[in-house]
Number of protein chains: 2
Amino acid sequence: MKLSKKSDYAIRALIYLSMNYQKGAVQIKEISAKERIPQKFLENILLTLRKAGVLNSKMGLRGGYELARSPDLIRLGDVIRALDGTIAPVNCVSQMSYEPCSEELTCVIRGVMMDIRNAITDVLDTMTFADMCKRAKDSIEKRENSSLSYVI
Amino acid sequence: MKLSKKSDYAIRALIYLSMNYQKGAVQIKEISAKERIPQKFLENILLTLRKAGVLNSKMGLRGGYELARSPDLIRLGDVIRALDGTIAPVNCVSQMSYEPCSEELTCVIRGVMMDIRNAITDVLDTMTFADMCKRAKDSIEKRENSSLSYVI
DNA sequence: CACAAATTCTACCATACTGATAGACATTCA
DNA sequence: TGAATGTCTATCAGTATGGTAGAATTTGTG
């Protein structure tokens with residue numbers, strides 16, 4: 001039940017890209033440096049997000065990545081599903097990779113896990129990157145005199 | 001974000017033991033056979049649960065396992081924590097294995113993950129094995145004429 | 001055209017975790 | 001004493017995680 005590094009990095013990268021929405025393509029190198037994410041690893045992550053339709057990319061000189069749509073239309077759940085796969089704790093309650101359990105009629109565990117899945121997806125599919133950006137900005141404003149550099 | 005086989009088996013075993021609460025020690029062999037759980041694997045699981053204080057054991061002839069306390073005092077969360085470790089999606093929101101994240105002041109992800117942890121533990125720490133037993137019995141009563149044998 | 005800058009793709013690697021098995025050891029009771 | 005039971009340690013195959021390397025492809029610009 002742990003958020004993978006992949007998802008963690010993806011979220012940070014997407015917050016960064018949300019902050020730079022509609023300012024043109026941003027290069028992997030820049031995100032990697034600013035967010036301190038291993039560059040080659042980040043490459044894989046952004047590629048996955050592009051294939052999931054969350055990002056658009058431009059190859060070649062002056063290429064880079066940008067959000068495929070406005071930050072308020074990208075849900076946290078979209079990202080975690082793309083990178084970590086299904087969210088549900090057991091497959092028999094998964095919307096993404098559903099498969100009936102062998103004792104479906106009497107599976108008590110199923111019922112509880114359904115509750116948990118709903119609780120998790122409730123949070124993940126309500127929270128957008130616009131929300132997360134706002135949270136980030138708020139938390140920066142709160143500490144005017146801090147010496148820390150800008151970090152998500 | 002997937003329930004491990006360990007926890008899955010543990011839950012089934014504990015429901016079985018809850019059904020037999022105060023009827024004396026039940027042997028691994030019996031649970032393993034009735035719930036179709038690999039015996040040697042189940043041994044490890046029950047041992048862990050005993051060390052976590054959920055079960056009592058008796059060695060030797062006529063030995064076995066039984067609940068350390070009444071089923072309504074054993075929460076689902078106790079079990080999953082014992083077997084899968086911490087429940088929180090990131091350590092900086094974990095009660096069990098808390099460690100501050102390097103950018104704590106401004107960590108936006110932290111806030112969201114805290115919401116998720118609370119949502120999960122809400123379900124897990126409310127649900128007891130007495131509840132789960134009741135659910136199981138209800139679901140059995142519903143299908144009077146089914147040919148399926150008793151299975152959790 | 002040629003080159004540099006960027007993404008894309010394929011492959012690889014070390015480590016840890018998962019699910020499971022094996023066998024020796026300790027304890028209890030008849 | 002010996003059979004039945006839990007306890008402990010070790011091992012193992014398979015898979016996931018986190019990360020790296022390098023060649024191939026695309027694109028803008030001089």
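Throughout, a chain's letter reflects where its sequence line sits, starting with A, and its residues are numbered from 1. The structure displayed is predicted, hence computed values, not measured ones.
- Nucleotide D:dT26 holds its C1' atom 12 Å from the CZ atom of A:Arg50, rounded to whole Å.
- Along DNA chain D, the nucleotide nearest to A:Tyr9 and the one nearest to B:Gln27 differ in position, and the one closer to the 5' end is contacted by B:Gln27.
- For the pair B:Ser32 (side chain) and B:Ile28 (backbone), a donor-acceptor distance under 3.5 Å is absent.
- Atom CD1 in A:Ile37 sits roughly 10 Å away from atom P in D:dG19 (whole-Å rounding).
- Dashed line: the shortest gap from a side-chain N or O of A:Lys29 to OP1 or OP2 of C:dA6 is under 4.0 Å.
- Put simply, the residue from B:Lys5, B:Lys6, B:Arg12 that forms a side chain to side chain donor-acceptor pair (under 3.5 Å) with B:Asp8 is B:Arg12.
- If you check every strand for non-hydrogen atoms under 4.0 Å, A:Ile28 touches sugar and phosphate atoms only.
- The separation between A:Gln39 atom CD and C:dA6 atom C1' is 10 Å, rounded to whole Å.
- When the side-chain nitrogen and oxygen atoms of A:Ser57 are compared with OP1 and OP2 of C:dA6, none of them lie within a distance under 4.0 Å.
- Put simply, the side chain of A:Ser7 does not reach to within 4.5 Å of the side chain of A:Val79, judged on heavy atoms.
- The side chain of B:Arg62 contributes an N or O atom lying less than 4.0 Å from OP1 or OP2 of C:dA30.
- With A:Leu46 as the fixed residue, the side chain to side chain contact (heavy atoms under 4.5 Å, CB included) test singles out one of A:Thr48, A:Leu42, A:Asn44: A:Leu42.
- Following rounding to the nearest Å, A:Glu30 (CD) and C:dA5 (P) show an atom-to-atom distance of 16 Å.
- Side-chain atoms of B:Leu61 lie closest to C:dA30 of the nucleotides C:dA30, C:dG19, C:dT8.
- Within 6.0 Å of CZ in A:Arg62 there are 12 or fewer heavy atoms belonging to other residues, nucleotides or ligands.
- Looking at the side chain of A:Met59, the nearest of the listed nucleotides C:dG19, D:dT26, D:dC8 is D:dT26.
- A straight line from OH of B:Tyr65 to P of C:dT28 spans 14 Å, rounded to a whole angstrom.
- Contact of B:Lys40 with C:dG23 (side chain to base): a donor-acceptor pair of N or O atoms is detected under 3.5 Å.
- Rounded to whole angstrom, the span from the CG atom of A:Leu83 across to the C1' atom of D:dT17 amounts to 13 Å.
- Following rounding to the nearest Å, B:Lys51 (NZ) and D:dC8 (C1') show an atom-to-atom distance of 7 Å.
- Side-chain proximity of A:Asn44 to the nucleotides C:dA30, D:dT20, D:dG6 is greatest for D:dT20.
- For the pair A:Gly60 and B:Lys58, nearest-nucleotide mapping onto DNA chain C gives the more 5' position to A:Gly60.
- Rounded to an integer number of Å, the gap from CD of B:Glu43 to C1' of C:dC25 is 13 Å.
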